[in-house]
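Convention: sequence-line order gives letters A, B, ...; per-chain numbering from 1.
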Amino acid sequence: MAFENKFVQLRIEKAELLRQSGINPYCNNSQRNSTIKKYINVNSDIANKENKRDEHRHYTVSGRIKLLRIMGKASFLQLEDESGVLQIYVARDNLPEDFYNDVFKKNIEVGDIIEAGGYPFVTNQGELSLHASEFKLLTKAIAPLPEKFHGITDKETRYRKRYLDLIMNADVRKTFQIRSKVISLTRRFFEDKGFLEVETPMMHPIAGGANAKPFVTHHNALSIDRFLRIAPELYLKRLIVGGFEAVFEINRNFRNEGMDATHNPEFTSIEFYWAYKTYKDLIEITKEYFRYLFEHLDLPTYLPYGDLEIDFNKFSEIPLIKSLHTIGEVPQEIVNDKDKILEFLKSKNISVKNNLSLGQLQGELFDAFVEKKLINPTFITEYPVAISPLARRSDINPEITERFELFIAGREIANAFSELNDPVDQYERFKAQVESKDGGDDEAHAMDEDFIEALSYGMAPTAGQGIGIDRLVMLLTNEHSIRDVLLFPAMKPIHNDELHQEEE
RNA sequence: GUCUUGUUAGCUCAGCUGGUAGAGCACGUCACUUUUAAUGAUGUGGCCGAUGGUUCGAAUCCAUCACAGGACACCA
């Protein structure tokens with residue numbers, strides 16, 4: 001039952017007492033005329049004034065009481081708004097008669113949202129404060145806040161009740177401010193380059209554009225199932241067919257897979273497509289994009305990430321096959337021989353699925369021996385065709401594609417390629433995917449004939465790229481769980497009956 | 001999915017080889033007009049995650065389940 005907690009009960013009683021004495025505990029006529037940050041900036045000169053005060057100035061600030069120290073006839077409280085923290089000095093004799101004793105001391109407590117008006121002064125201890133002559137309760141908090149010193153540290157509570165986490169942990173607010181800035185800067189960067197922001201469907205008849213298990217939903221009026229999109233790729237390419245030459249979309253993708261420190265069922269990515277360009281141009285624009293982000297976020301390009309240190313000035317580039325030997329230390333002579341790779345993997349106790357092609361095995365080698373070693377930003381290029389169903393073949397070597405993935409701190413951050421625009425080749429690759437799907441690979445790409453038809457009308461040579469925004473923000477904020485960069489990460493329901501109610 | 005560690009008051013945490021449930025903060029009451037996690041006195045507050053088992057007796061031991069953290073696997 002709601003409100004059964006005894007502390008909540010007590011505070012509800014206080015709200016009732018306030019009502020009875022004519023004070024609305026949820027009053028909304030705020031008179032705020034300054035944020036706390038502005039107050040602190042404007043009054044930074046007070047320390048140098050006579051008596052360390054200026055009674056001619058008057059400000060009204062609002063916020064949540066984070067700390068309260070009642071000392072008889074005077075009290076100090078720490079007030080926090082979005083912009084900062086300010087100490088308020090409240091004394092009995094500066095307020096209307098009986099207000100301090102009957103209202104303030106009895107019914108105001110930590111967690112309440114209040115408003116205080118008064119003049120700036122500096123205390124004996126040297127802290128700029130506000131000397132209150134007006135005091136108003138704006139919102140009574142009936143639930144007590146977590147402990148004032150340790151705050152809230154339990155990760156489960158922090159994720160399930162993010163509002164509490166945000167109230168108690170200023171650095172968490174900071175992380176999400178950076179996240180917001182990254183998205184806003186990303187949008188501006190691409191707009192300034194002449195890209196058009198578009199919105200493509202979230203509900204797809206065929207889950208395409210990536211290899212992943214989709215979520216399924218149902219459209220009642222049409223009696224058909226729809227898939228939450230796993231990637232916007234195929235729709236964005238249709239727009240290139242239609243004549244838009246540079247498009248991007250920043251939005252959510254949904255994948256019905258496991259959850260861990262780097263995977264949430266819904267995650268945010270930017271995908272952009274650029275006609276008359278190749279993956280080589282994407283390497284350049286990616287470097288430029290990172291420079292732009294660091295400059296506008298005002299971040300040093302040498303960033304710590306856990307035990308690692310990442311130099312965002314040091315971008316390097318190496319073909320996948322070459323990286324197997326030079327970075328992964330896989331013997332040079334085996335990397336192009338299926339049987340020798342299988343033998344090698346076996347000797348390293350790495351088991352792989354049966355019937356993998358050479359390209360897939362090279363991918364396995366890369367995952368096992370190279371990926372984790374890529375700390376500074378590294379473009380791995382020239383992926384095998386077998387693991388790149390939507391990428392254009394190299395004109396020089398038809399077994400590899402014009403593709404790169406960007407790795408930072410041992411993690412994939414971006415995936416890009418010159419797009420496959422030969423409709424017949426694309427059709428054949430879909431067919432190969434469908435065969436491996438029939439062979440048991442439930443994440444293989446489905447046939448999308450509508451997309452093939454679109455390609456048939458001709459898509460200009462195009463390069464396209466996807467960047468995982470969540471993982472990028474993790475890098476920039478030194479966070480090691482995707483849940484720490486998602487305001488409301490996916491959580492299992494706490495109670496069993498919630499979990500199974502759908503089945504009944 | 002596997003392994004592993006957790007789950008005790010609103011919050012942060014103790015609780016040893018099984019023997020009446022503990023502290024700090026918060027909250028109540030009292031004192032205190034320049035404090036800084038204010039201070040001093042005093043008091044209230046528990047389905048010990050859930051269900052079974054072992055035992056004279058379980059927060060503690062065992063099993064199962066739920067949720068969470070970490071690692072691994074999967075997800076190119």
Hey, is F149(A) stacking on A37(B)? Ring centres under 5.5 Å, planes under 30°.
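Stacking between F149(A) and A37(B): present.
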Test for a donor-acceptor pair under 3.5 Å between the base of U36(B) and the side chain of T123(A), counting only N and O atoms.
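Side chain to base: pair found, below 3.5 Å.
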Report which part of the nucleic acid [X] touches: base, sugar-phosphate, or nothing (heavy-atom distance under 4.0 Å, all strands).
| X | value |
| --- | --- |
| I70(A) | base |
| M168(A) | nothing |
| R53(A) | base |
| K14(A) | sugar-phosphate |

Is there a side-chain contact between I283(A) and F404(A) (heavy atoms, below 4.5 Å)?
yes
Under a 4.5 Å cut-off applied to non-hydrogen side-chain atoms, are R403(A) and E382(A) in contact?
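They are not in side-chain contact.
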Has [X] got a side-chain N or O lying under 4.0 Å from the OP1 or OP2 atom of [N]?
| X | N | result |
| --- | --- | --- |
| Q125(A) | U36(B) | no |
| K148(A) | A26(B) | yes |
| R158(A) | G69(B) | no |

So which protein N/O to nucleotides 48-50 of chain B N/O distances come out below 3.5 Å?
none

Identify the nucleotide, in any strand shown, that forms a Watson-Crick or G-U wobble pair with [N], with both distances under 3.5 Å; if there is none, say none.
| N | value |
| --- | --- |
| G40(B) | C30(B) |
| C3(B) | G70(B) |
| U54(B) | none |
| C65(B) | G49(B) |

With nearest nucleotides of RNA chain B determined for I108(A) and K105(A) from heavy-atom distances, which residue corresponds to the more 5′ nucleotide?
I108(A)
Who pairs with R483(A) by salt bridge (charged side-chain N to carboxylate O under 4.0 Å, His left out), at least two apart in sequence or on another chain?
none
Going 5' to 3' through nucleotides 71-76 of chain B, assign each nucleotide B (protein heavy atom under 4.0 Å from a base atom), S (under 4.0 Å only from sugar-phosphate atoms) or - (no protein heavy atom that close).
--BBBB
Options C25(B), G69(B), U36(B), nucleotide nearest the side-chain atoms of K155(A):
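Selected nucleotide: G69(B).
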Which whole number of Å gives the distance between the C1' atom of U42(B) and that of A59(B)?
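Looking at atom C1' only, U42(B) and A59(B) are 29 Å apart.
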Angle class for the H131(A)/F121(A) ring planes (parallel below 30°, perpendicular above 60°, tilted otherwise)?
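H131(A) and F121(A): perpendicular rings.
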